**Q** 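Sharing a structure, written as C-alpha cells. Questions coming.
In this text, all values refer to a predicted model and were calculated from it rather than measured experimentally. Heavy-atom basis, side chains included; hydrogens, waters and symmetry copies ignored.
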Amino acid sequence: MTTRVVSLMLAVAFFVSTIGFSAYVVIQANKDESSNTDQTTQDTTNQNNNQEADVLKGTKLQGFEPRTSQVEKLEIIDLVEGDGTEVVAGDQVTVNYTGAFVKDGIIFESSLDSGSPITFGLEGLIQGWQDGIPGMKVGGTRRLVIPYSLAYGETGNSNIPAKSDLVFDIELIGITQ
C-alpha cells in the first residue's frame with residue numbers, strides 16, 4: 001500500500017508541476033505577444049508622427065511662382081519686415097525656414113515640419129544665406145531666391161541635385177551675438 005501512495009503522490013506532483021509549467025509558458029507567451037503588439041502600436045504611432053511631421057515637404061511653396069529660367073543673382077525679398085534687432089554677419093540666428101526648388105516650387109525641407117525652429121551660426125551655411133540674412137530684423141520673414149552657385153553648386157548634396165536654384169522663406173525669431 002505504501003508503494004501505491006508514493007506512486008499516487010508522485011503522479012499528482014508530476015501533474016501539478018506540468019500544469020504549473022504549462023501555465024507559466026502560456027503567461028509568458030501572452031506577455032511577449034502583448035509586448036510585440038505594444039511595440040507594433042508604438043512603431044505605427046511613430047510612423048504616423050513622421051508622416052504628420054512632413055506636412056509641407058513635397059507641397060508647393062505658397063506665393064512662389066516657379067521659374068524655368070536660371071537664377072542669375074541672389075534675390076532678397078522682404079515678405080514681412082521685422083521691427084526687432086538686425087542681423088549682422090557672424091551672428092547666431094534662430095529661424096523657421098522652408099526651402100523649395102525654383103524650377104517647380106516643390107518644398108524639399110521645412111523646419112515647420114519638425115515643429116521647432118533651428119539655431120545656427122551664419123558662417124557655416126550656404127553662401128546665399130550668409131549674404132541674404134544679414135540686414136533682416138527679428139520678427140521679419142524674408143524670401144531668398146538663390147542661384148545654384150551660392151547654394152550647393154555643381155555637385156549638390158544628398159537632398160539637392162547638382163545645379164539646383166533654390167528658394168527659401170526664412171522667419172527670423174531671434175539673434176544671439
**Q** Take Ile106 and Lys60, measure what side-chain contact (heavy atoms from CB on, under 4.5 Å) needs, and give me the verdict at the end.
**A** CA-CA 5 Å; Ile106 299 295; Lys60 288 203 174 218; 3.8 Å; yes
**Q** Mind checking whether Ile133 and Leu122 have side chains closer than 4.5 Å, heavy atoms only?
**A**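 The answer is yes; the side chains approach within 4.5 Å.
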**Q** Following the transitive rule for hydrophobic clusters with a side-chain heavy-atom cut-off under 4.5 Å over Ile, Leu, Val, Met, Phe, Trp and Tyr, establish whether Phe64 and Ile170 coincide in one cluster.
**A**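 No, Phe64 and Ile170 fall in different hydrophobic clusters.
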**Q** Are Val87 and Leu150 connected, step by step, through hydrophobic side chains (Ile, Leu, Val, Met, Phe, Trp, Tyr) whose heavy atoms are closer than 4.5 Å?
**A**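 Yes, Val87 and Leu150 fall within the same hydrophobic cluster.
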**Q** Which heavy atom of Pro147 sits nearest to which heavy atom of Val145, and what is that distance?
**A**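 So the two residues come closest at CD-O, 3.9 Å.
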**Q** Assign the ring pair Phe108 / Phe168 to parallel, tilted or perpendicular, where the plane angle (0 to 90°) is split at 30° and 60°.
**A**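 Phe108 and Phe168: perpendicular rings.
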**Q** Flag yes if more than 12 heavy atoms outside Gln127 fall under 6.0 Å of its CD atom; otherwise flag no.
**A**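 Enclosed.
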**Q** Give the cluster check for Phe101 versus Leu144: same hydrophobic cluster or not, with ILVMFWY residues linked at side-chain heavy-atom distances below 4.5 Å.
**A**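 Shared cluster, yes.
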**Q** State the OG1-CD distance between Thr119 and Gln92, to the nearest 0.5 angstrom.
**A**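 Rounded to the nearest 0.5 Å, the OG1-CD separation comes to 6.0 Å.
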**Q** Starting from the C-alpha separation in whole Å, work towards a yes-or-no answer on side-chain contact (heavy atoms from CB on, under 4.5 Å) for Val95 and Ile173.
**A** CA-CA 5 Å; Val95 301; Ile173 296 169; 5.8 Å; no
**Q** Under the criterion side-chain contact (heavy atoms from CB on, under 4.5 Å), which of Val93, Thr94, Asn96 is the partner of Leu172?
**A**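 The residue from Val93, Thr94, Asn96 that satisfies side-chain contact (heavy atoms from CB on, under 4.5 Å) with Leu172 turns out to be Val93.
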**Q** How long is the gap from CG on Asp104 to CG on Leu61, to the nearest 0.5 Å?
**A**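 Here the rounded value is 10.5 Å.
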**Q** Looking at Ser149, is its backbone amide N or carbonyl O close enough to the side chain of Lys163 to form a donor-acceptor pair, meaning the two atoms are under 3.5 Å apart?
**A**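 Such a contact is absent between Lys163 side chain and Ser149 backbone.
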**Q** Check the hydrophobic clustering (I, L, V, M, F, W, Y; side-chain heavy atoms under 4.5 Å; chains of links allowed) and say if Leu125 and Val138 are grouped together.
**A**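 Leu125 and Val138: one cluster.
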**Q** Would a distance-only check, ignoring hydrogens and angles, find a side-chain to backbone donor-acceptor pair under 3.5 Å from Asp113 to Val55?
**A**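 Yes: the side chain of Asp113 pairs with the backbone of Val55.
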**Q** What I want to find out is whether Asp169 reaches Arg143 closely enough, with some N-O distance under 4.0 Å, to be called a salt bridge.
**A**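 So Asp169 pairs with Arg143 through a salt bridge.
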**Q** In terms of side-chain geometry, is the basic nitrogen of Glu171 or Lys137 positioned less than 4.0 Å from the acidic oxygen of its partner?
**A**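 Looking at Glu171 and Lys137, the cut-off is not met.
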**Q** Nearest heavy-atom pair of Ala151 and Ile126: which atoms, and what distance?
**A**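 Looks like O-CG2, 3.6 Å.
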**Q** Taking the side chain from Asp131 and the backbone from Gly128, do they hold a donor-acceptor pair closer than 3.5 Å?
**A**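 Checked: no pair found.
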**Q** Would you check if the side chain of Asn157 reaches a backbone N or O of Asn159 as a donor-acceptor pair within less than 3.5 Å?
**A**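 Yes, the answer is positive, given that a donor and an acceptor are paired below the 3.5 Å cut-off.
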**Q** Begin with the C-alpha distance, continue with both residues' side-chain angles, and end with the deciding distance and a verdict on side-chain contact (heavy atoms from CB on, under 4.5 Å) for Ile146 and Val167.
**A** CA-CA 6 Å; Ile146 305 173; Val167 57; over 6 Å; no
**Q** So, taking the atom named CD in Glu154 and the one named OG in Ser164, what distance separates them when rounded to the nearest 0.5 Å?
**A**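 The distance works out to 11.0 Å.
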**Q** Output yes when a side-chain donor or acceptor of Ser110 lies under 3.5 Å from a complementary backbone atom of Tyr97, and no otherwise.
**A**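 Side chain of Ser110 to backbone of Tyr97: a pair is present.
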**Q** Testing the basics here: between Lys103 and Pro66, what is the closest heavy-atom pair and its distance to 0.1 Å?
**A**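 Shortest heavy-atom separation between Lys103 and Pro66 comes out as O-CB, 3.5 Å.
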**Q** To the nearest 0.5 Å, what is the distance between CG on Leu56 and CG on Leu112?
**A**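 Between Leu56 CG and Leu112 CG, I get 6.0 Å after rounding to 0.5 Å.
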**Q** Leu166 vs Tyr152, test: side-chain contact (heavy atoms from CB on, under 4.5 Å). Steps then yes/no.
**A** CA-CA 9 Å; Leu166 305 176; Tyr152 295 97; 3.8 Å; yes
**Q** Count I, L, V, M, F, W, Y as connected when their side-chain heavy atoms are under 4.5 Å apart, and connections chain through other members. Are Met136 and Ile77 then in the same cluster?
**A**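 Met136 does not cluster with Ile77.
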**Q** Hey, does the side chain of Asp165 reach the backbone of Val71 with a donor-acceptor pair shorter than 3.5 angstrom?
**A**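 Yes.
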**Q** Do the rings of Phe120 and Trp129 sit parallel, tilted or perpendicular, given the 30° and 60° boundaries?
**A**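 Correct class here is tilted.
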**Q** Look at the side chain of Arg142 and the backbone N and O of Leu79, then say whether any donor-acceptor pair between them is shorter than 3.5 Å.
**A**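 Flag not set: sc Arg142 to bb Leu79 has no pair under 3.5 Å.
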**Q** Give a yes or no answer on whether the side chain of Gln130 reaches the backbone of Glu123 with a donor-acceptor pair at less than 3.5 Å.
**A**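 Yes, Gln130 side chain to Glu123 backbone: donor-acceptor pair under 3.5 Å.
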